[in-house]
Each structure stands twice: as C-alpha cells, then as structure tokens.
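These notes concern the structure reproduced below.
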Protein chains: 2
Amino acid sequence: MEMLRAYFNGFGALSEANMDFLLGHIHEGSLSKKQKLIQANQTVGSIYFVTEGFLHYYTHNDFGNQVTLKIIAPNFCWTIMDSFFHQRPTLDECQALSDVRFHELKKSDFLKIKAKNVILSNFIQNITEQILSAKALEVRKQLSMSAEERYLDILNTNPKIVREVPVSILASLIGTSRETLHRIRRRLSAA
Amino acid sequence: MEMLRAYFNGFGALSEANMDFLLGHIHEGSLSKKQKLIQANQTVGSIYFVTEGFLHYYTHNDFGNQVTLKIIAPNFCWTIMDSFFHQRPTLDECQALSDVRFHELKKSDFLKIKAKNVILSNFIQNITEQILSAKALEVRKQLSMSAEERYLDILNTNPKIVREVPVSILASLIGTSRETLHRIRRRLSAA
DNA sequence: AAAAAACTGTGTCATATGACACACTAACAA
DNA sequence: TTGTTAGTGTGTCATATGACACAGTTTTTT
C-alpha cells in the first residue's frame with residue numbers, strides 16, 4: 001500500500017483523513033501468469049494500479065492479429081477508459097505476463113470519493129488532467145517517432161519492460177514486426 | 001455562441017445561471033488563413049473551440065520533417081494539454097488552414113469556473129473524462145489500424161476534413177506519405 | 001493580367017519491411 | 001527426467017513504401 005500512497009502524494013498533499021478515506025476504498029488483488037484481468041466483451045468496472053509484474057493490454061485488428069496497446073508496468077495506473085467511463089463492453093483484453101499484484105478501485109467507490117468533499121474531488125480532477133496530458137503525449141509520440149525511436153524511448157524510460165517482455169509483444173507495441181525489432185537491435189549494437 | 005452552447009449541453013444539463021457563468025468567460029476570436037494560433041516555444045494559455053474553418057496542429061520530427069498531429073475541425077474542443085496544464089512551452093505549432101473562427105477559454109477563467117461551485121466543477125470533470133476517453137481511443141486506433149483504415153475512418157467520421165485539407169497534410173496525419181495516400185485512393189476507387 | 005507559389009496526380013527506382021522458414025535455447029508440465 | 005511448448009535470432013524473398021522527379025492544375029500575389 002505504501003507504493004500507492006507515494007503515487008498519490010506525487011499529485012499533491014492530502015490530509016490524513018482524506019488519504020485514509022481514499023486508500024480505504026482500494027482493495028488488493030493478484031493474478032498468476034497468463035490469467036486474464038479483462039476478457040473480451042467484458043465491461044471494465046475498476047481502475048487498476050500495478051505494484052508488481054507486468055500486464056499486457058491488447059486487442060485484435062481487422063485481420064485477426066493481436067496488437068499490443070500497452071504494457072502496464074509497476075507504479076502505473078490503468079483502466080480501459082471508454083469501457084470504464086461509459087460502462088460499455090470492450091473488445092480488448094488484458095492478461096498477466098507474469099505473476100502480478102495490483103490495487104483496485106471500483107467505479108462505485110471512485111464515484112464515492114469524488115462526491116466525498118471538494119478536496120478529494122479536486123484531487124481526482126487533478127489526476128485526471130495529468131493522465132489526459134500523458135495520453136496526449138502518447139498520441140504525439142506515436143505520430144512523430146519511428147519504430148526505432150519508440151524502442152529507444154521505452155528503453156530509456158522503462159528498461160525493465162524491454163528486459164521482461166517477449167520480443168514479439170514489444171515489437172507489436174512499437175508498431176513493427178518481431179523480425180524488424182531484431183534488425184533494429186542489431187543496428188544499435190553495431191553502432 | 002449557439003454552437004458552443006449546444007456542445008456543452010451534450011455533456012448534461014446546466015442551470016441558466018451556471019451556463020451564463022460558463023459562457024461569460026469565453027471570448028471569440030478569429031484567424032485568417034496561414035496565421036498561427038500557437039508558435040513554437042510558446043506556452044499555451046487557453047482552450048480553444050473551433051466554429052468555422054480548420055486548424056493544423058503539427059510538430060517536427062527528429063529529421064526536421066513536419067508531422068501533422070491533428071486537424072481541428074468545427075465543433076471540436078482543443079488545446080495542447082501538456083503545455084496548458086503544466087504551463088510549459090511547447091515545441092509544436094498550430095496554424096489556420098483557412099479563415100478560422102473560434103471561442104477561447106483562458107486558463108485563469110478555466111480555474112475560476114472549476115472553483116465557482118460543485119455543479120460546474122463536476123461538469124468540467126465530466127468533460128475532462130470524456131476527452132480522456134476519446135484520447136485513449138485515438139491511441140488505440142493509431143496502434144491497431146493501418147494507414148488505409150485510418151483514412152477510411154476519417155472519411156467516415158469527418159468527410160469535410162478529407163475534402164478541405166491538402167493531401168500532403170492528410171497523408172502525414174494518417175502516418176504515411178503523399179504518394180502512398182494517392183495509391184490508397186486509386187486502390188479504393190478501382191474497387 | 002501576369003507571374004509566382006502551392007497543390008495534385010503519376011511514373012521510376014532503391015530499399016526497408018513483413019511473411020515465411022528453420023535451428024537453437026529457455027521455460028514449463030507430466 | 002523427459003517431452004512439450006514458448007520464445008529467440010537469423011536468412012531468404014516478394015512487395016509495399018518513401019524519395020525523387022515532372023507535368024498539369026489551381027490558388028494566390030503583385
């Protein structure tokens with residue numbers, strides 16, 4: 001729980017009472033490798049915060065191929081926004097790449113926290129804005145960077161992902177094939 | 001102003017007083033073709049809502065080539081999130097592709113509206129969540145769709161953009177070259 | 001009205017990429 | 001331990017793409 005407390009503190013100070021109220025609505029969970037957190041056609045009812053292990057968020061394109069949308073690493077807060085906010089089923093899936101430990105905030109509790117008082121409501125608003133800002137940067141990177149640059153970006157910001165995630169999944173995440181990612185690596189190690 | 005009022009009504013009902021307070025802080029503006037709304041190294045101080053014409057939001061990649069990040073069409077609410085929320089300069093630019101009319105909400109007024117009362121604060125929170133949800137879908141499309149699929153997607157959801165925007169800019173938006181977009185079009189019209 | 005600039009559509013060509021195939025190693029289950 | 005499955009790294013080959021070039025058109029400027 002300390003990891004989550006530190007995460008929240010990063011968004012500003014909260015009184016002990018408010019922090020307790022917040023943390024009091026969050027529950028722990030775990031998955032063993034290959035278990036699915038989200039199944040296709042499911043409606044996502046929670047926000048998740050990973051503390052250990054890696055989650056693989058993916059979908060299938062129109063040709064039936066699996067496409068990686070995100071690797072969720074420890075210290076990352078995640079949900080499928082569209083499904084969570086609109087309470088409609090998603091076509092995507094989320095699976096544990098390793099044994100995973102996480103915290104979970106149910107939508108009903110999320111609403112309770114927002115309704116509790118002005119401080120908490122503003123706190124949530126602030127987090128939402130930060131996440132929105134980060135998502136916009138993601139779009140920007142996706143459009144302006146090459147596969148190689150995206151690979152180097154992940155290597156810089158989250159080297160553990162590069163070490164722990166299978167090449168095929170990593171390649172899909174940066175929008176290229178397994179073989180081309182190998183070529184990129186060869187090129188980089190040659191230089 | 002009616003267009004903006006309709007836009008807000010789409011997010012839920014507001015009392016006349018609250019709606020007036022909201023609209024009272026929004027100012028009109030215009031640009032003539034080729035004028036820049038945002039210059040590189042500028043800090044973005046407002047949220048914009050376009051009512052007429054098209055804006056071209058773009059940046060430059062590491063090789064100095066211009067990359068289109070978004071075409072902002074009428075009825076669309078836009079800002080550079082990172083610069084606006086963190087008040088730091090952006091490297092991106094935003095230029096009018098045609099004569100443009102827009103509404104503008106300054107950051108200071110945005111804060112005043114959030115602080116006015118619970119209703120307005122929740123209203124803004126709601127809009128933020130919707131925009132976040134839309135941004136996440138954008139990332140998803142970018143990763144899971146091919147250039148051709150993205151072209152068809154724009155053609156379906158916003159045909160005016162396809163008609164009004166130069167091919168080179170449109171090609172850049174869907175992540176391909178001007179020539180390849182021509183090839184896509186030839187392929188589609190042949191079928 | 002004339003000149004300049006911006007944009008479109010298409011052809012040629014080199015090349016980066018994806019698809020396929022295969023050997024090898026690591027991880028896992030019976 | 002042994003057999004099975006999952007993952008890695010690399011080679012070959014067809015092809016979709018980007019870069020370049022150019023002619024024709026439209027738009028803008030003077």
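Proteins get letters first, then strands, A, B, ... in listed order; numbering begins at 1 in each. Heavy atoms only: backbone and side chains are in, while hydrogens, waters and symmetry mates are out.
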Legend entry - Contact nearer the 5' end of DNA chain C, comparing A/Ile184 with B/Val167: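 The residue mapped nearer the 5' terminus is B/Val167.
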
Inset, instruction - Scan nucleotides 25-30 of chain D nucleotide by nucleotide, 5' to 3', and note B when protein non-hydrogen atoms come under 4.0 Å of the base, S if they reach only the sugar-phosphate, - if neither. - result: ---S--

Inset, instruction - Round to a whole Å and report the spacing from CZ of A/Arg163 to C1' of D/dT8. - result: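 That distance rounds to 18 Å.
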
Inset, instruction - Starting at atom CZ of A/Arg185, determine the distance to atom P of D/dT10, rounded to an integer number of angstrom. - result: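 That distance rounds to 11 Å.
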
Legend entry - Results of side-chain contact (heavy atoms from CB on, under 4.5 Å) for B/Val162 - residues two or more places apart only: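 side-chain contact (heavy atoms from CB on, under 4.5 Å) check on B/Val162 returns B/Tyr151, B/Ile154, B/Leu155, B/Leu170, B/Arg185.
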
Legend entry - side-chain contact (heavy atoms from CB on, under 4.5 Å) partners of B/His60, counting only residues at least two apart: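 side-chain contact (heavy atoms from CB on, under 4.5 Å) check on B/His60 returns B/Tyr58, B/Gln66.
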
How would you list, by chain and number, every residue that makes a ring pair (Phe, Tyr, Trp, His ring centres under 6.0 Å) with [X], sequence neighbours excluded?
X	value
B/Tyr7	B/Phe11, B/Phe49
B/Phe54	none
A/His182	none

Legend entry - Residue pairs passing the ring-ring contact (aromatic ring centres under 6.0 Å, His included) test where at least one lies in residues 116-139 of chain A, sequence neighbours excluded: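 Residue pairs passing ring-ring contact (aromatic ring centres under 6.0 Å, His included), neighbours aside: none found.
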
Legend entry - side-chain contact (heavy atoms from CB on, under 4.5 Å) assessment of A/Phe102 paired with A/Ile72: CA-CA 11 Å; A/Phe102 62 87; A/Ile72 303 125; over 6 Å; no

Inset, instruction - Mind listing the residues from residues 172-181 of chain A sitting with a heavy atom below 4.0 Å of DNA chain C? Number order is fine. - result: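 Under 4.0 Å from DNA chain C: A/Thr176, A/Ser177, A/Arg178, A/Glu179, A/Thr180.
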
Legend entry - Close side-chain approach of B/Lys114 and B/Gln125, heavy atoms under 4.5 Å: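 A side-chain contact under 4.5 Å is absent here.
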
Inset, instruction - Compare all side-chain heavy atoms of A/Asp82 with those of A/Thr90 and state whether any distance is below 4.5 angstrom. - result: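 Contact flag for A/Asp82/A/Thr90 side chains = no.
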
Legend entry - Pairs touching residues 32-45 of chain B that satisfy salt bridge (charged side-chain N to carboxylate O under 4.0 Å, His left out), sequence neighbours left out: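 Qualifying pairs: B/Lys36-B/Glu93.
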
Legend entry - Sequence neighbours excluded, every pair satisfying salt bridge (charged side-chain N to carboxylate O under 4.0 Å, His left out) that has a member inside residues 154-172 of chain A: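 Qualifying pairs: none.
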
Inset, instruction - Give a yes-or-no answer on whether the side chains of A/Thr68 and A/His56 include a donor-acceptor pair shorter than 3.5 Å. - result: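 Short answer, yes.
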
Legend entry - Covered region of DNA chain C, 5' end to 3' end, by chain A [heavy atoms, under 4.0 Å]: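 So the contact region on DNA chain C extends C/dT17 to C/dC28.
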
Legend entry - Option among B/Lys135, B/Lys141, B/Arg140 that satisfies the salt bridge (charged side-chain N to carboxylate O under 4.0 Å, His left out) test with B/Glu138: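 Among B/Lys135, B/Lys141, B/Arg140, the one that satisfies the salt bridge (charged side-chain N to carboxylate O under 4.0 Å, His left out) with B/Glu138 is B/Lys135.
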
Legend entry - Bend angle of the helix from C/dA1-D/dT30 to C/dA30-D/dT1, from helix axes over five pairs at each end, nearest 10°: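 So the angle between the two local helix axes works out to 50°.
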
